[in-house]
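Taking it in order: structure first as structure tokens, then the write-up.
Hydrogens, waters and symmetry mates play no part in the numbers below; they use all other heavy atoms, side chains included. To find a chain, count down the sequence lines: A is the first, B the second, and so on, and within it residues start at 1.
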There are 2 protein chains.
Amino acid sequence: MFELSQLRCFVAVARELNFRRAAEHLHMTQPPLSRQIQLLEDDLNVKLFERTSRSVRLTAAGKSFFVEAQDLLKRAEAASLTARQAEAGQHGSISFGFIPVAAFDIMPRVIKAVGDKAPGVNLLLHEMLTIEQIEALTAGRTELGLIRLPGKGSDWNSDASSANGSFSPFMLAIRSSRRRISGSRISTDSLSSCIRQRTAGTPTKSLRRSSTTPRCGRNSCSISAKPIPS
Amino acid sequence: MFELSQLRCFVAVARELNFRRAAEHLHMTQPPLSRQIQLLEDDLNVKLFERTSRSVRLTAAGKSFFVEAQDLLKRAEAASLTARQAEAGQHGSISFGFIPVAAFDIMPRVIKAVGDKAPGVNLLLHEMLTIEQIEALTAGRTELGLIRLPGKGSDWNSDASSANGSFSPFMLAIRSSRRRISGSRISTDSLSSCIRQRTAGTPTKSLRRSSTTPRCGRNSCSISAKPIPS
DNA sequence: GTGTCTTACGCCACGCGTAACAATG
DNA sequence: CATTGTTACGCGTGGCGTAAGACAC
């Protein structure tokens, strides 16, 4: 599998469309850069550039991979930062997942609510899809999650799930409610109550409760999702 | 900066919470694995594990980084796959961005619409946030994007943007409408018309049009977003 | 002693740079 | 012939495995 260093090489070339300048920008010489691109192409088993002996162009595959590569590098940076932030707030921190769309809407109020209810507690935010959050919750990698389930009994893959109306309300999913937030005297349960209260007024339509009891490694745990009241 | 191989090491250890078994699973011996974890910790400048001479536990930072690391590895896999898919469909392919929430809802119909209107054209799907899509469109890395803008004149950061009602309708953002889809006789313009038509009926409230003319490298281009009709 | 992780050390491979090569305008 | 990207080759760093150490139960 390719490495991040190779992605950096690729992105540099894709940006410049010129090996010499890209190499310069990467503080290296062209030949090793060419080689890295070749290795990456080998690894992916796809030609990323069209080299027409006087110009370099991205192939369709290259164009597509360019989007993903930049995204990966950006996320790698962010991950590094996240870890340091978590360290800083070791005295009371809580891992919180949220769906992307919530960032524009409800998350600012969630952040404020946590800041008021549990001052000093560091909120570790992870942008994740709903399905990823359920995995993370059951595995104990996050304590809380803001998700939104498809409407009335429809399954995930049905495109009728939310086609003719809005989504179900935002749901606050909780793992092991009795547990205290590390370094604090507040339980995730009471914090979640506070958040639901403080973020009330978001578009909601129906009440819905979901709970599962999956096994995760040695100990089992339960997650439950409660709607944000309207 | 760390490498993906180090992330694989970290994830293996974080999963097993045991260096020996993790090493085994990675087809290597423990000592180099220990070293890689140390190097990763050095790089991040954060302790990821609490080693108490008979057990290994994740620190708060480690827990947080675990979430991100898994995500990165998954996305790396996906990126590799995307590139190969793009290669396969070189005869007519179109890069299409979409916001995560659309996957459950409108994307299946978009895919069907493209399949009918432009059979044989490969649809390269990229899950991206709205802001990322605008960047990708202006940079020419995607041709079309399905986004959703916050409601009536509110700015991105305002938490009132969509607090008390649903979002604005889905918008189909287009780059350089005159351009033809590579390897096909269909223009992105006509394809987008078809998609808007075929996906009509999604929750929409207000009409809205946004267009910008940013410079992207040498040539400038314009992107415009048109609402999906209700 | 049996299990754990870490430190020490030698070897090989991989990635770099320099130099020579090929190709195009 | 200037400028591009590729091939060839030698060197040094870095990551591996083996072996030995430290520590706990």
Side-chain angles (χ1 to χ4, degrees), chain A residues 1-59 61-63 65-66 69 73 76 80 217-218, chain B residues 1-59 61-63 65-66 69 73 76 80 217-218:
Chain A
M1 177 62 77
F2 58 83
E3 290 297 331
L4 288 183
S5 58
Q6 294 178 307
L7 289 191
R8 273 184 279 275
C9 289
F10 169 70
V11 166
V13 176
R15 267 205 250 269
E16 296 285 344
L17 292 180
N18 177 311
F19 278 71
R20 209 184 67 86
R21 282 202 303 275
E24 205 166 88
H25 196 261
L26 291 167
H27 306 293
M28 62 191 292
T29 55
Q30 307 95 322
L33 178 58
S34 280
R35 178 134 187 76
Q36 287 307 314
I37 299 294
Q38 285 167 6
L39 286 172
L40 181 60
E41 289 178 325
D42 279 9
D43 184 280
L44 298 173
N45 209 16
V46 156
K47 265 185 84 173
L48 297 169
F49 292 106
E50 198 76 48
R51 287 93 141 173
T52 66
S53 77
R54 196 67 182 182
S55 75
V56 173
R57 287 184 315 168
L58 281 165
T59 62
K63 217 164 152 185
F65 192 65
F66 186 26
L73 291 175
S80 166
R218 274 156 206 147
Chain B
M1 176 62 78
F2 59 83
E3 290 297 331
L4 288 183
S5 59
Q6 294 178 306
L7 289 190
R8 272 183 279 274
C9 290
F10 169 70
V11 166
V13 176
R15 266 204 249 269
E16 296 285 344
L17 292 179
N18 177 312
F19 279 69
R20 208 184 66 85
R21 282 202 303 274
E24 204 166 88
H25 196 262
L26 291 168
H27 306 294
M28 63 190 292
T29 54
Q30 307 95 322
L33 178 57
S34 281
R35 179 134 187 76
Q36 286 308 312
I37 299 295
Q38 286 166 5
L39 286 172
L40 181 59
E41 288 179 325
D42 279 10
D43 183 279
L44 297 172
N45 210 16
V46 157
K47 265 185 87 173
L48 297 169
F49 292 105
E50 198 77 48
R51 288 93 141 172
T52 66
S53 78
R54 195 68 183 179
S55 75
V56 174
R57 286 184 315 168
L58 281 165
T59 62
K63 217 164 151 185
F65 192 65
F66 185 25
L73 291 176
S80 166
R218 276 155 203 147

| How far does CD of A:Glu3 sit from CE of B:Met1, to the nearest 0.5 angstrom? | 13.0 Å
| Contact under 4.0 Å: B:Arg51 side-chain N or O vs C:dC5 OP1/OP2 | no
| message | Quick one, B:Arg15 and B:His25 - any side-chain contact, counting heavy atoms below 4.5 Å? | response | no
| query | More than 12 non-hydrogen atoms from neighbouring residues, nucleotides or ligands closer than 6.0 Å to CZ on A:Arg8, yes or no? | reply | yes
| field | Interatomic distance where CZ belongs to A:Phe19 and P belongs to D:dT7 [whole Å] | value | 11 Å
| said: As an exercise, state the distance from CZ of B:Phe65 to CG of B:Leu58, rounded to the nearest 0.5 Å. | reply: 11.5 Å
| task | Can you measure from CD (A:Gln6) to CD (A:Gln38) and round to the nearest 0.5 angstrom? | result | 11.5 Å
| Rounding to a whole Å, what distance do you find between A:Phe10:CZ and D:dG5:P? | 15 Å
| Which of these nucleotides, C:dC5, D:dG5, C:dG17, is closest to any side-chain atom of A:Val56? | D:dG5
| message | Using whole Å, what does the distance between atom C1' of nucleotide C:dC14 and atom CE of A:Met28 come to? | response | 13 Å
| query | Is B:Asn18 near enough to C:dG3 that one of its side-chain N or O atoms lies under 4.0 angstrom from OP1 or OP2? | reply | no
| task | Run through B:Phe19, B:Phe49, B:Phe2 and flag the one making a ring pair (Phe, Tyr, Trp, His ring centres under 6.0 Å) with B:Phe10. | result | B:Phe49
| Taking CD from A:Gln6 and P from C:dG15, how many angstroms apart are they, rounded to a whole number? | 7 Å
| request: Would you kindly give the CG-to-P distance between A:Leu26 and C:dG17, to the nearest whole Å? | output: 10 Å
| message | Can a donor-acceptor pair be found, under 3.5 Å and without considering hydrogens, that links the side chain of B:Glu50 to the backbone of B:Thr59? | response | no
| request: Kindly indicate whether the side chain of B:Leu40, heavy atoms from C-beta on, has any atom under 4.5 Å from the side chain of B:Gln36. | output: no
| Of all of residues 36-44 of chain B, which get a heavy atom below 4.0 angstrom from DNA chain D, listed by number? | B:Gln36, B:Leu39
| task | Inspect the surroundings of CZ in A:Arg51 and state if more than 12 heavy atoms from other residues, nucleotides or ligands are less than 6.0 Å away. | result | yes
| field | Distance below 4.0 Å between A:Ser34 side-chain N/O and D:dG5 OP1 or OP2 | value | no
| Between C:dT4 atom P and B:Phe49 atom CZ, what is the distance in whole Å? | 16 Å
| said: Rounding to an integer number of Å, can you tell me how far B:Glu3 CD sits from C:dG15 C1'? | reply: 12 Å
| field | Contact letters for nucleotides 18-25 of chain C, in which S counts primed atoms plus P, OP1 and OP2 and B counts the base, heavy atoms under 4.0 Å | value | BB----B-
| said: Could you tell me how far apart B:Leu33 (CG) and C:dT7 (C1') are, to the nearest whole angstrom? | reply: 15 Å
